[in-house]
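Remarks on the structure that follows.
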Amino acid sequence: MTDQQSIPHVIPLDESFARPAPEADLRAAAEALRANGFTVTIVPTLADARRVVGELLPADKAVFTATSETLRESGIAADIDESGRFRSVRAEQADWDTARRADEVRVTRSAPDVVVGSVHAVTQDGRLVIASASGSQLAPYASGAGQAVFVVGAQKVVADLPTALRRIETYAYPKEDVRAQAAYGARSLIAKILIYGREVFPGRAHVVLVREPAGF
């Protein structure tokens, strides 16, 4: 007999959001992001993104990796958290009893020197859109971190904000829900959404756009 609890609940996917955006759309999004105060680098592959991020990150400052399939797939998360080259917040807290030190975890991860992560959509008018269940990555993305680096696959570039929200609901969220069930034994949800429309501090936020798909 099959154990029904071992079978993940699957939400239907809109697979059209898995296709990389055309080069013209990628470049239009990059120019709009730059106009909105973001630094942008376009690279061909995830391997190139990994190299660029490695060159961007300071070795003497605390770096927090947000949970991200893009960072996992590319090896960037392992570079930061496991190589010893960087001051990884996750590595420094690996042996913490997080039940007893929950407030310290919350504070240190909300305001690291640098946060590295990804987003769920980039609009062609230059907005980053990120959904979250807990909201833990949204604070450092928006303001808490002194520097923010986002690695973004070309399939996440969309026409506008309504399409970005639809992409979250019909593609990124169903994918994350399956991952969460496998990783944590619990369902995911869309609880909080950050629409990051402009960066007012020059040089704070760097978007690495990858011409190939990455993450979801």
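Here the structure is a predicted model, which is why all the values come from computation and not from measurement. Scope of the values below: all heavy atoms of this structure, side chains included, with no hydrogens, waters or symmetry mates.
Each of Val122, Thr163, Ile168 was compared with Val158 under the side chain to side chain contact (heavy atoms under 4.5 Å, CB included) criterion, and only Thr163 meets it.
When all heavy atoms are compared, the tightest approach of Ala66 to Leu71 is O-CD1, 3.6 Å. For Thr39 against Gly203, the heavy-atom pair with the smallest separation is OG1-CA, 4.3 Å. The shortest heavy-atom contact between Pro140 and Pro112 is CB-CD, 3.9 Å. Tyr141 and Gly117 get closest at one heavy-atom pair: OH-CA, 3.3 Å. Closest heavy-atom contact between Thr41 and Val43: CG2-CG1, 3.9 Å. Smallest separation of non-hydrogen atoms from Thr65 and Ala77: CG2-CA, 4.4 Å.
Note: the hydrophobic cluster containing Val40 does not contain Val149 (ILVMFWY, side chain heavy atoms under 4.5 Å, direct or indirect links). Put simply, Leu194 and Leu161 are part of two different groups of oily side chains (I, L, V, M, F, W, Y) that touch within less than 4.5 Å, one to the next. When the side chains of ILVMFWY residues are joined at heavy-atom separations under 4.5 Å, either directly or via intervening members, Val115 and Val89 end up in a single hydrophobic cluster. Both Leu56 and Phe86 belong to a single network of hydrophobic side chains, linked directly or stepwise wherever heavy atoms of I, L, V, M, F, W or Y lie under 4.5 Å apart. By the rule that hydrophobic residues join a cluster once side-chain heavy atoms approach within less than 4.5 Å of another member, Phe216 and Val178 end up as members of separate clusters.
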Practice prompt. Kindly determine whether Asp160 and Asp125 satisfy side-chain contact (heavy atoms from CB on, under 4.5 Å), including the steps that lead there.
Written response: CA-CA 7 Å; Asp160 49 30; Asp125 63 355; 6.0 Å; no

Practice prompt. Would you sort out whether Thr70 and Val152 count as a side-chain contact (heavy atoms from CB on, under 4.5 Å), showing the intermediate values?
Written response: CA-CA 7 Å; Thr70 300; Val152 186; over 6 Å; no

Discussion item. What verdict does the side chain to side chain donor-acceptor pair (under 3.5 Å) test give for Gln93 and Arg109, after you've listed the backbone C-alpha separation in whole Å, the side-chain angles of each residue and the deciding distance to 0.1 Å?
Written reply: CA-CA 10 Å; Gln93 296 176 352; Arg109 295 187 180 188; 2.9 Å; yes

Practice prompt. Walk me through it: do Phe150 and Phe38 pass the test ring pair (Phe, Tyr, Trp, His ring centres under 6.0 Å)?
Written response: CA-CA 10 Å; Phe150 302 96; Phe38 299 92; 7.3 Å; no

Discussion item. Go through it in stages, so that I can follow the logic: the residues are Ile11 and Arg187, the test is side-chain contact (heavy atoms from CB on, under 4.5 Å), and I'd like the CA-CA distance, side-chain angles, deciding distance and then a yes or no.
Written reply: CA-CA 11 Å; Ile11 302 170; Arg187 302 292 304 279; 3.8 Å; yes

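In terms of modelled atom types and a separation under 3.5 Å, the side chain of Gln147 and the main chain of Val63 share no donor-acceptor contact. No donor-acceptor pair closer than 3.5 Å links the side chain of Glu31 to the backbone N or O of Arg27. Counting only distance, with no hydrogens or angles, the side chain of Arg204 and the backbone of Ala145 share a donor-acceptor pair below 3.5 Å. No side-chain donor-acceptor contact under 3.5 Å links Glu69 to the backbone of Ala214. Under the 3.5 Å distance criterion, the side-chain polar atoms of Asp177 are matched with a main-chain donor or acceptor of Ser188. In this structure, the side chain of Asn36 engages the main chain of Gly126 through a donor-acceptor pair within 3.5 Å. For the pair Arg167 (side chain) and His120 (backbone), a donor-acceptor distance under 3.5 Å is present. Side-chain N or O atoms of Lys61 include none that pairs as donor or acceptor with a backbone N or O of Arg87 at under 3.5 Å. For Gln124 (side chain) and Asp25 (main-chain N/O), no donor-acceptor pair under 3.5 Å exists by modelled atom type. Side-chain atoms of Glu199 never come within 3.5 Å of backbone atoms of Gly37 as a donor-acceptor pair (strictly under, hydrogens ignored).
Ile193 has its side chain within reach of Leu165: a pair of non-hydrogen atoms, C-beta onward, lies under 4.5 Å apart. Pro58 has its side chain within reach of Val114: a pair of non-hydrogen atoms, C-beta onward, lies under 4.5 Å apart. Put simply, the side chain of Lys156 reaches to within 4.5 Å of the side chain of Ser118, judged on heavy atoms. With a 4.5 Å cut-off on side-chain heavy atoms, Val210 and Asp48 do not count as touching. Val119 places a side-chain heavy atom less than 4.5 Å from the side chain of Ile130. The shortest side-chain heavy-atom distance between Arg166 and Phe17 falls under the 4.5 Å cut-off. For the pair Leu33/Leu128, a side-chain contact is recorded, criterion being any heavy-atom separation below 4.5 Å from C-beta on.
Salt-bridge annotation for Arg51 and Glu55: present, with a side-chain N of the basic residue lying under 4.0 Å from a carboxylate O of the acidic one. Ion pairing of Glu176 with Arg179 is present here, as a side-chain N (NZ or NE/NH1/NH2) and a carboxylate O approach within less than 4.0 Å.
The distance from atom NZ of Lys192 to atom CD of Gln137, rounded to the nearest 0.5 Å, is 9.5 Å.
For the residue pair Thr67 and Arg90, a side-chain donor N or O sits within less than 3.5 Å of a side-chain acceptor on the partner.
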